[in-house]
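As structure tokens, the structure follows; a few thoughts come after it.
When a residue number appears, it is its place in the shown sequence, counting from 1.
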Amino acid sequence: MKKVALSVALAGGVFLAPQAADAALGDQTLREGMNHGDVKELQDRLSSEGHFTYHTSTGYFGSITRQAVRDFQRDAGIAVDGIAGPQTFNAMGVSGGSSSSNVSSGSGDWITFNGTLRSGSRGASVTTLQDALNSLGHNAGSADGVFGPQTAEAVRSFQRDAGITADGIAGPQTYNALNGETVVKSESTGSSSDSGSSASSTVESIISTAKSLEGTPYVWGGTSPSGFDCSGFLQYAFAQNGKSIPRTVATIHDAAKSVSTPQRGDLVFFETYTSGPSHAGIYLGDGKFIHAGSSTGVTIADMNSSYWSPRYLGAGRL
């Protein structure tokens, strides 16, 4: 799959960068709000190619410069995000220095996961997502920062093409796919320390997904953000991060490796309405776990409470 190289635009006011005498175009990523000599060089370059049409190069990266960058990126056949980073500079034939901390070590500016986005979400992260989808041919409409029906359909279209759960919600798994990363990392041939780091990253992504769903109502048999039962919630949180788990609490319990002391990301099992494991959640540490409760929906609970403590059966790791 084609790798998308994007970055999340900075929100807020103008970023004033120092004027460096030895600065060169390509030394740093340039984006809207910046005021720098490199921006003037960028504008000159874009002007020479007919994309920057303002009467003079100002050195300020405003909406006109952003549109000019987008026009250049579109003509160059690269990710259209209006940010001049390594991928854009490469397309321009610009080779900058390597000292800037603003440039990532990858091949481009990555689209960063800052929380699950769904219908009703708004803001700069939605704009960046829409730019990413549009650049891949999945029509999200105008990049207006509003996650409406067209954006949701574009997400589903991308998810279907990527072979992941097509639910129209942009969570960690969708962002991994947009960045061209391998979603399931269990087959990694790296060192044990690399594998440990990857596993830790996956755990944190699962927890991030789970927390983003707080407040979702409980629905018997529910498996989507419109409503979950307890095992549907677990299955969804894991699936969004490339891990397939069984559907029922009992089969999840059977598949998990028993651990004596739960660690962050482990599953904790309880005996509630029937004998044996009938309820489960994701352990967060400090005696807390997140789950889909029948009376609370998705919420964080205390394992040491008077209700949960006597019903606790044990923990497992998948």
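Residue pairs meeting the salt bridge (Lys or Arg N to Asp or Glu O under 4.0 Å) criterion with at least one partner in residues 275-285, sequence neighbours excluded, are absent. Residue pairs meeting the salt bridge (Lys or Arg N to Asp or Glu O under 4.0 Å) criterion with at least one partner in residues 141-160, sequence neighbours excluded, are E153-R156, E153-R160.
No donor-acceptor contact under 3.5 angstrom links the side chains of S231 and T248, judged on distance only. Judged purely by distance below 3.5 Å, without hydrogens or angles, the side chains of D167 and S224 never pair a donor atom with an acceptor atom. A side-chain donor from one of T151 and Q130 sits under 3.5 Å from a side-chain acceptor of the other. Side-chain contact, E271 with S278: no donor N or O sits under 3.5 Å from an acceptor N or O. Side-chain contact check for T65 and Q43: at least one donor-acceptor pair (N or O, by modelled atom type) lies under 3.5 Å.
When all heavy atoms are compared, the tightest approach of T116 to P172 is OG1-CD, 4.2 Å. When all heavy atoms of C230 and V249 are compared, the closest pair comes out as SG-CG2, 3.4 Å. Closest non-hydrogen pair, Y54 versus T58, comes out as CE2-CG2, 3.8 Å. The two residues V155 and A170 come nearest to each other via the heavy atoms CG1-N, 4.3 Å. When all heavy atoms of N241 and I206 are compared, the pair lying nearest together is ND2-CA, 3.4 Å. Scanning both residues, V39 and G59, for their nearest heavy atoms gives CB-O, 3.3 Å.
In summary, R70 and D75 do not engage in a salt bridge, as defined by a charged side-chain N under 4.0 Å from a carboxylate O. Between D131 and R74, none of the side-chain N atoms (NZ, or NE/NH1/NH2) sits under 4.0 Å from a carboxylate O, so this pair counts as no salt bridge.
Taking the six-membered ring for Trp, F228 and Y218 have ring centres at least 6.0 Å apart.
Residues I245 and V268 do not share a hydrophobic cluster, clusters being chains of Ile/Leu/Val/Met/Phe/Trp/Tyr side chains in contact below 4.5 Å. F270 and L318 are assigned to two separate hydrophobic clusters, defined by single-linkage of ILVMFWY side chains at heavy-atom distances under 4.5 Å. In terms of hydrophobic clustering, with Ile, Leu, Val, Met, Phe, Trp and Tyr side chains grouped at heavy-atom distances under 4.5 Å, V146 and F158 are assigned to different clusters. In the hydrophobic clustering of this structure, V69 groups with M92; members are Ile, Leu, Val, Met, Phe, Trp, Tyr whose side-chain heavy atoms approach within less than 4.5 Å, directly or through other members. Residues Y312 and W308 are members of one and the same hydrophobic cluster, defined by side-chain heavy-atom contacts under 4.5 angstrom among Ile, Leu, Val, Met, Phe, Trp and Tyr.
From S125, atom OG reaches atom CZ of F147 across 12.0 Å, with rounding to the nearest 0.5 Å. The distance from the CZ atom of F72 to the CZ atom of R45 is 8.5 Å, given to the nearest 0.5 Å.
Listed for the S212 side chain is a donor-acceptor partner under 3.5 Å among the backbone atoms of T209. The backbone N or O of V219 sits nowhere less than 3.5 Å from a side-chain atom of D229 that would complete a donor-acceptor pair. Under a 3.5 Å cut-off, the side chain of S309 and the backbone N or O of S306 do not form any donor-acceptor pair.
For D44, the side chain to side chain contact (heavy atoms under 4.5 Å, CB included) partners two or more places apart in sequence, or in a different chain, are K40, S57. Taking A68 as the reference, L46, H51, F52 meet the side chain to side chain contact (heavy atoms under 4.5 Å, CB included) condition, with sequence neighbours excluded. For T216, the side-chain hydrogen bond (donor to acceptor under 3.5 Å, both in side chains) criterion is met by no residue, not counting sequence neighbours.
By the 4.5 Å heavy-atom criterion applied to side chains, Q173 and Q159 are not counted as neighbours. Looking at heavy atoms from C-beta onward, N139 lies in side-chain contact with Q150 at the 4.5 angstrom threshold. A heavy-atom distance below 4.5 Å is found between the side chains of I169 and P225. Counting only heavy atoms from C-beta outward, the side chains of L267 and F238 approach each other to under 4.5 Å. Side-chain atoms of I83 and L30, non-hydrogen and from C-beta on, never get closer than 4.5 Å to each other. A heavy-atom distance below 4.5 Å is found between the side chains of L213 and F233. Residues K211 and I207 have side chains in contact (heavy-atom distance under 4.5 Å, counting atoms from C-beta outward). Counting heavy atoms from C-beta on, the side chains of L129 and L133 come closer than 4.5 Å.
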Mind listing the side-chain donor-acceptor pairs of residues 281-299 below 3.5 Å, one per line with the distance, residues two or more places apart or on another chain?
{"from": "Y283", "atom 1": "OH", "to": "D286", "atom 2": "N", "distance (Å)": "3.4"}
{"from": "Y283", "atom 1": "OH", "to": "G287", "atom 2": "N", "distance (Å)": "3.0"}
{"from": "H291", "atom 1": "ND1", "to": "H279", "atom 2": "NE2", "distance (Å)": "2.8"}

